[in-house]
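What follows is a short report on a single structure.
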Amino acid sequence: MSRFFAGGSDSDSDSSSESEPVIRQQVAQFTFSDEEEDVKRVVRSKKEKRYEDLTNIIKSIRNHKKIKDMSSVLTSFEEFVRAYTKALPVVMKEENGVTPRIVVRALAELEDFINETWDDKENRKNLSKNNNKALGTLRQKFRKYIKDFESDLSRFRAAPEAFADEEEDDERDDGKDSDNEEDKVVQAPVPKAVTFKKEPEKPKQAKPTDESDSSDWGSDSDSDSTSSDEDSKYQTIRDRFLKKPEKGMDDSAAVPTGAVGEDAFKKEKKKKTTDAMTKKIRKPKPEEMFDENEEEEEGWKVVNGSRSGASEQPKMFAKDAEIDTKLVVNKLNEVMAARGKKRTDRKMQIEFLRELRTVAETNNLGPAVAAKIRFNIVSAIFDYNPKVSGPMKLEHWSKLLEEIQALLKLLLEHEEVHLSESILDELEEYETAPFKIRGCMLTAVERLDDEFTKLLKECDPHSNEYVDRLKDEVTVTNIVDQVVQYVERLDNETEICRVYLRKIDHLYYKFDPNVLKKRKGQLPADTVTSVDEMDKLCRYIYAKDQTDRLRTRAILSQIFHHALHDNWFQARDLVLMSHLQETIHHSDPSTQILYNRMMANLGLCAFRHGNIKDAHLCLVDLMMTGKPKELLAQGLVPQRQHERSLEQEKVEKQRQMPFHMHINLELLECVYLVSAMLLEIPYMAAHEFDARRRMISKTFYQQLRSSERQSLVGPPESMREHVVAAAKAMRHGDWNACANFIVNKKMNVKVWDLFYEATRVREMMVKFIKEEALRTYLFTYSNVFASISVPHLADMFKLPKSKVHSVISKMIINEELMASLDDPTETIVMHRSEPSRLQALSMQLADKVTNLVDANERIFEMKQGNFFQRGGNQGYNRDRQNYRNQNQNQNWSNNRRQDNRNRGNRGNQNRGEGREHQREQREQREQQREQREQQREQQREFREQQHQQRETMRNVDFQSKAM
């Protein structure tokens, strides 16, 4: 087309004005830039606006999914939720409440993406910290949001292809609607910016009529560049970059001018897109595939996606080959020779071994060949998982259980088949009995047990998946029992000890109610319980084991089992006789974890039996560290400043115990704090003014002090707050409030109901609280009373008189309470020998001042340089009683004389008088030692005199009160 029709110069405008009037748009004389295009003002409906926003957000979500930018996906999803909420009124009106198909499809794709990313744990570890956090937030929000779209998503999952067709129909309908809307575009003159270049006028719409002489007209701008011709050829920038039409198309379609050209181009583009989507969705028929393969020129062939070379399945046997034992064993060795190589296809290897097993069973080659092939299948399944730390897949796990059960059944039925590690490959025998095969069944079962533990640790302990996996323990335990029978038949002591320990590992942590029933006489005496079974297995290991590790683990497991069934004395005796606490630090980490678990359970057993001190001693080492969770291998506590490297964290995760073997940490801490309260509160009351008292439980003391520092203390909520509140009540002798804080509905649900026979434990605790509250009351208020009535104390603390009499007698015998019992009147007569509070504080002050003076004098003497030559009454040997000694002046003068002699001796040594002066120095040292001993004797005599005076005063007070 010539520039005459496109540009519209001055000459052609005059000629055209004569033929027909041309409506021109008023153009501003000045514009700032000639690069700006005319902007159309489009009037769109509310539906189009909302749907366009949703489409743009869905596109951005898809783009972010490709690069796995979880933070951007989360942000776009939140925008999508807000946009769909705004579009909801339009959906209710236009779609009659039906969710748009594009929205359902986007939600389904996003759900699949989130699930795949979450399940892929290896790649999830490689994500950044922000992306990991965003993934968790996105998963939580998305699960909550799609609850309203479950029916739509299920419909999409049922027929996604049909759903895609329906979505394309909607797009076509939307395209038609948009075409109709574009016809209604209202164009208005837009003022342009000021420029100093003359713009060409807009061309009029081309008419379909052909003008033969249009090509004969010349142009006034032949000297212009080609770029200027192209600029005048296209109306907008969009027309410039549109795909050029193919040859054979009409000029009207080739140059889309105005709204008509744009509509045609849009329809054509949508048609091509629809056809392409239909081709993608529609699967080719087998006949079409066959025809296409035949039409190919170069003879291409269809291959699978596996790797070539090693993945190719080897040939089984020749057609005319006679299948016998030797041929099958050679083929088996050929297959297993590729085991562990880099390009070996493990899956294909397992399939080939199964096919070989089928061939052997078909030709009846004997149980030895079948056992050898099955054992190699088990080894191949173990090799399929290349990761040592990660668990195997569930499908392989189920196949592994089937193969091992079949192999054990075969070995137990045919006693002539011997499977042992000691048999060499050259000595294997498959044809004549007794059959000999190289291999170790015990090693395979040990690895099976380890894989079972990995599977349990990989599952979420609060999900149904963990329960399903835990059901396999019955199968694993049966397999271990069958291996026990097989190994006992071989009569190998080392292997018997190993398999016995595996059986103990599955037995020691399980509670057997028959043990308690048998103890109460509800079951016959010959009933075999788990305690009897454990005793039998452990005794064999004690007698036959050659390694210390198996023996140590066996005795730890037996102690744990005894403590679990309240056999306190048997468990305690085993601990004391084994001396494990002295050598456990040299054991491996897994044995140390078992030791910690044993001590925790032993402490709970002691508490149930009412041995508060023993319970506290068992638990104090665990709880003082503040890391009982790590010490029991029940989880990892986050470390500060990256104290634990990634390798260390990986190793520690492998040592964790499965969830069903965990000990309740809250129960453990509550028992420890209650035991510490029953010991610490009476001790604090008895040594209130003692400056040298020691803390029995540092953890409990810190909890108590932190609560006392708080300005406002509300009602207790957590377990720790309940114990602290009970301790405060006990300090005042209020046993009722203390018991209510320890034993209540909330604490029963959290802690005490977890015990077997919980009612008995609660009654035992209330009894101990009463007794310790009585002791605390007597320690605190003994200096107030002259005498106390025993019946009054029994009524106050709801205890029998005999119990009150027993507690007070023990306190008097242990010299904890200075009092005497008057049996006729049933009263306690207090002896006022204890210092008052003012006197106790004065004694503390005197001790501290004395220590300060001694410290100052030591510092001064060290500066003077004669610290080591001073006499016995100087420096740190000075005592408070030395000030009261009558011979102080004489000792001081003697020390002065000794100092002068020492100085003289040093001077003589400097002058060269060697041996004689050294002898004199030795004599002087001996004299100093004698003087020190004399001073110590004087101090002892002085203390004895003071003690006699105190005893005399006590007797006088007691006689005066008695009279």
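Just so it is clear, the structure is predicted and the values come from calculations on it, not from any experiment.
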Legend entry - Aromatic ring proximity F779/Y683, centre distance under 6.0 Å: no
Carboxylate-amine/guanidinium contact [X] [Y], below 4.0 Å:
{"X": "R539", "Y": "D535", "value": "yes"}
{"X": "R705", "Y": "E708", "value": "yes"}
{"X": "R775", "Y": "E816", "value": "yes"}
{"X": "D753", "Y": "R762", "value": "yes"}

Taking the side chain as every heavy atom from C-beta outward, state whether [X] and [Y] have any atom pair closer than 4.5 Å.
{"X": "Y542", "Y": "I555", "answer": "yes"}
{"X": "M534", "Y": "S557", "answer": "yes"}
{"X": "D532", "Y": "T529", "answer": "yes"}
{"X": "Y509", "Y": "R597", "answer": "yes"}
{"X": "M599", "Y": "D621", "answer": "no"}
{"X": "Y756", "Y": "V761", "answer": "no"}
{"X": "H616", "Y": "I696", "answer": "yes"}

Legend entry - Residue R760 excluded, over 12 heavy atoms near CZ under 6.0 Å: yes
Legend entry - Exceeds 12 heavy-atom contacts within 6.0 angstrom, atom NZ of K510: yes
Legend entry - Residue among L778, I813, I788 satisfying side-chain contact (heavy atoms from CB on, under 4.5 Å) with I808: L778
Legend entry - Matching residue for N596 among L622, L556, T591, N601 - test: side-chain contact (heavy atoms from CB on, under 4.5 Å): L622
Legend entry - Side-chain donor or acceptor of H565 paired with backbone N/O of L516 under 3.5 Å: no
Legend entry - Sidechain-backbone polar pair: Q558 side chain, A554 backbone, donor-acceptor under 3.5 Å: no
Distance in Å, [X] [atom1] paired with [Y] [atom2], rounded so as to fall on 0.5 Å steps:
{"X": "L631", "Y": "I593", "atom1": "CG", "atom2": "CD1", "value": "9.0 Å"}
{"X": "L537", "Y": "L507", "atom1": "CG", "atom2": "CG", "value": "7.5 Å"}
{"X": "H662", "Y": "H660", "atom1": "NE2", "atom2": "NE2", "value": "9.0 Å"}

Inset, instruction - Describe, in one word, how the ring planes of F797 and Y777 are oriented to each other, choosing from parallel (under 30°), tilted (30 to 60°) and perpendicular (over 60°). - result: perpendicular
Go through the side-chain N and O atoms of [X] and [Y] and say whether any donor and acceptor fall under 3.5 Å apart.
{"X": "T699", "Y": "S697", "value": "no"}
{"X": "N567", "Y": "R519", "value": "yes"}
{"X": "T825", "Y": "D822", "value": "yes"}
{"X": "S718", "Y": "K750", "value": "no"}

Legend entry - Partner set under side-chain hydrogen bond (donor to acceptor under 3.5 Å, both in side chains) for H561, not counting sequence neighbours: S530
Legend entry - Those residues that, when tested against Y781, pass side-chain hydrogen bond (donor to acceptor under 3.5 Å, both in side chains) (two or more places apart): none
Inset, instruction - Before giving the answer on salt bridge (charged side-chain N to carboxylate O under 4.0 Å, His left out), spell out for K518 and D526 the whole-Å C-alpha distance, their side-chain angles and the decisive distance to 0.1 Å. - result: CA-CA 9 Å; K518 182 180 178 181; D526 56 348; over 6 Å; no
